[in-house]
Every structure is written in structure tokens, then in C-alpha cells.
Amino acid sequence: MKQLDIIFNLRRDIDNIEERLVELRQMTQPKSQVISDMPRGGGERRNAIEEYLIKSEKLAKQLDYKRRKLEDHWEEACILFREAKVTVAQCEMLKERFYHAKPWKACLKRMSEVYPDSKWNEQKLFRMYRDVIYKINKVKKSNIVNIAN
């Protein structure tokens, strides 16, 4: 489903921006100074703190934009899930996989923690996912038919 792919990619973009912000902060941390008698070049280099502020503001704006976009897409997907009568367990699985962009093994672990009474394996997760996609496609087709009439 295209909506879930968009959500997954937005989460990955958000994670990448957050990693870049962490790396940027680490680059501006004080470093031990090695003193030697050799001259260093560089001359007209801009202040590292200014560069940090400019880049971090730009990344923070991107991060806010991507987070808002992710929330909007997730809300749209949740409306579609309600229309398709997706179960709570299926929503939990979709949220782990797509909203949090976790690999299937991490989703399996989370589902085992949340629903310990059930036996979970990857095949069960894939069947659940396939069932959700079937329900959503069925709702979409019925909506298209209703619009056409």
C-alpha cells in the first residue's frame, strides 16, 4: 500500500536527520588541542559554532516538517484502518513496522511482548499484514464504486 510506504520512508528520513543532528553536535564538542611548532593553513575558515547553528537550524526545520507530514499521513492511514475494520493487534503491528520503521524481527519481538498469550512467528506477521492489505484494498474498491454511482 502506497500510504504505508510513504510513512515508512518518512520515518527513515526523520531517523537520518536525527542522526545528522547528533553527528553535528559531536563535531562541535571541544577537542583536545595538539600543540606543535608546525604552521597550519586554513586562514579564512568560518567559525565552527556559526556553521553548527546554521546547519542545526536547517536540519531542525526539516525534522519538524517531516514529523508533521508523518503525523498527517499516519492519521489518514488510521482513518482507512478504521474503515477497513483492522484489529487492534494488526494496528499495533503496522505501527511498529511502518510508523516506527522497525524490521520484521523487531515487530515480532514487540508483538510477543504485547500479546504474550499468542505464539508469534514471522509467517503469522506476514499473514496479518496480507490480511490488512486485503481489507484496505476491499474498502478502497468499495469507495471507488460508491463514488462512481
Side-chain angles (χ1 to χ4, degrees), residues 1-32 41-42 44-149:
M1 184 178 131
K2 189 175 182 178
Q3 185 79 7
L4 292 175
D5 289 337
I6 291 169
I7 291 168
F8 188 80
N9 289 330
L10 282 169
R11 173 51 68 186
R12 288 217 167 147
D13 290 346
I14 289 170
D15 292 344
N16 285 337
I17 291 171
E18 288 173 345
E19 284 179 22
R20 287 173 36 205
L21 278 169
V22 168
E23 289 173 1
L24 197 58
R25 281 188 205 110
Q26 289 174 350
M27 287 172 47
T28 59
Q29 296 299 317
K31 298 175 184 128
S32 60
E44 299 276 332
R45 189 172 183 275
R46 290 176 61 186
N47 188 354
I49 294 174
E50 286 179 30
E51 289 178 22
Y52 165 75
L53 290 174
I54 292 169
K55 288 180 182 178
S56 65
E57 285 178 19
K58 187 177 178 182
L59 288 174
K61 287 179 184 176
Q62 285 180 356
L63 187 61
D64 288 341
Y65 172 74
K66 296 278 185 176
R67 283 183 176 158
R68 276 187 266 118
K69 202 169 174 183
L70 176 69
E71 289 301 321
D72 292 343
H73 282 287
W74 185 250
E75 286 297 319
E76 290 175 20
C78 286
I79 291 168
L80 192 58
F81 298 159
R82 278 185 234 116
E83 288 178 17
K85 295 181 173 70
V86 174
T87 65
V88 175
Q90 289 171 332
C91 283
E92 182 73 29
M93 181 264 304
L94 291 171
K95 189 171 187 177
E96 274 303 304
R97 174 64 180 154
F98 294 98
Y99 185 80
H100 296 296
K102 302 283 181 168
W104 286 108
K105 290 197 186 273
C107 295
L108 179 64
K109 183 179 177 185
R110 173 72 177 156
M111 295 302 285
S112 297
E113 292 170 358
V114 174
Y115 302 100
D117 298 336
S118 298
K119 288 189 175 184
W120 292 94
N121 58 34
E122 285 185 12
Q123 288 180 350
K124 186 174 181 177
L125 281 182
F126 294 144
R127 282 193 305 271
M128 278 179 70
Y129 175 65
R130 193 171 54 237
D131 184 43
V132 169
I133 297 301
Y134 173 77
K135 287 179 181 180
I136 290 171
N137 286 335
K138 191 175 177 181
V139 167
K140 281 184 174 181
K141 285 179 184 176
S142 69
N143 288 344
I144 291 171
V145 170
N146 290 339
I147 291 171
N149 291 333

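Only a predicted model underlies this, so the values are computations on that prediction, with no experimental measurement involved. For reference, positions follow the sequence shown, starting with 1.
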Check ion pair D131-K135 (N to O, under 4.0 angstrom): yes
State the CZ-CG distance between F8 and L70, to the nearest 0.5 angstrom. 12.0 Å
Is it true that a side-chain atom of W120 and a backbone atom of Y115 form a donor plus acceptor pair closer than 3.5 Å? yes
In Å and rounded to the nearest 0.5 Å, what is the CD1 to NE2 distance from I7 to H73? 7.5 Å
Nearest atoms (heavy-atom pairs only) where K102 meets C107: O-SG, 4.0 Å
Using 0.5 Å steps for rounding, measure from the CE atom of M111 to the OG atom of S118. 8.0 Å
Quick one: side-chain hydrogen bond (donor to acceptor under 3.5 Å, both in side chains) partners of E76, sequence neighbours excluded? Q3
Exercise: identify the closest heavy-atom pair between R20 and L59: NH2-CD2, 3.0 Å
Step through the shown structure and confirm whether more than 12 heavy atoms of other residues, nucleotides or ligands are within 6.0 Å of CD on E113. yes
So do K95 and C91 actually touch side chain to side chain, heavy atoms under 4.5 Å? no
Is there a side-chain contact between R97 and L4, using heavy atoms and a 4.5 Å cut-off? no
Is the shortest heavy-atom distance from the side chain of K69 to the side chain of K66 under 4.5 Å? no
So do the side chains of V22 and Q26 get within less than 4.5 Å of each other, counting heavy atoms only? yes
If the threshold is 4.0 Å, N to carboxylate O, is there a salt bridge linking R67 and E18? yes
Any heavy-atom pair between the side chains of R110 and E92 that's under 4.5 Å? yes
Is the terminal nitrogen or CZ of R11 (NZ for Lys, CZ for Arg) located under 6.0 angstrom from the six-membered ring centre of Y99 and within 45° of that ring's axis? yes
Check whether any side-chain heavy atom of N121 lies under 4.5 Å from a side-chain heavy atom of K124, and answer yes or no. yes
Quick one: does F98's side chain get under 4.5 Å of M93's, heavy atoms only? no
Got Y65 and I17 here, is their nearest side-chain heavy-atom distance under 4.5 Å? no
Do other residues, nucleotides or ligands put more than 12 heavy atoms under 6.0 Å from the OH atom of Y134? no
Exercise: identify the closest heavy-atom pair between L125 and W104: CD1-O, 3.8 Å
Looking at NZ of K140 and CD of E83, how far apart are the two atoms once the value is rounded to the nearest 0.5 Å? 10.5 Å
With rounding to the nearest 0.5 angstrom, report the CD1 to CG distance, I6 to N9. 8.0 Å
Value for NZ (K141) from NZ (K138), rounded to nearest 0.5 Å, stands at 10.5 Å
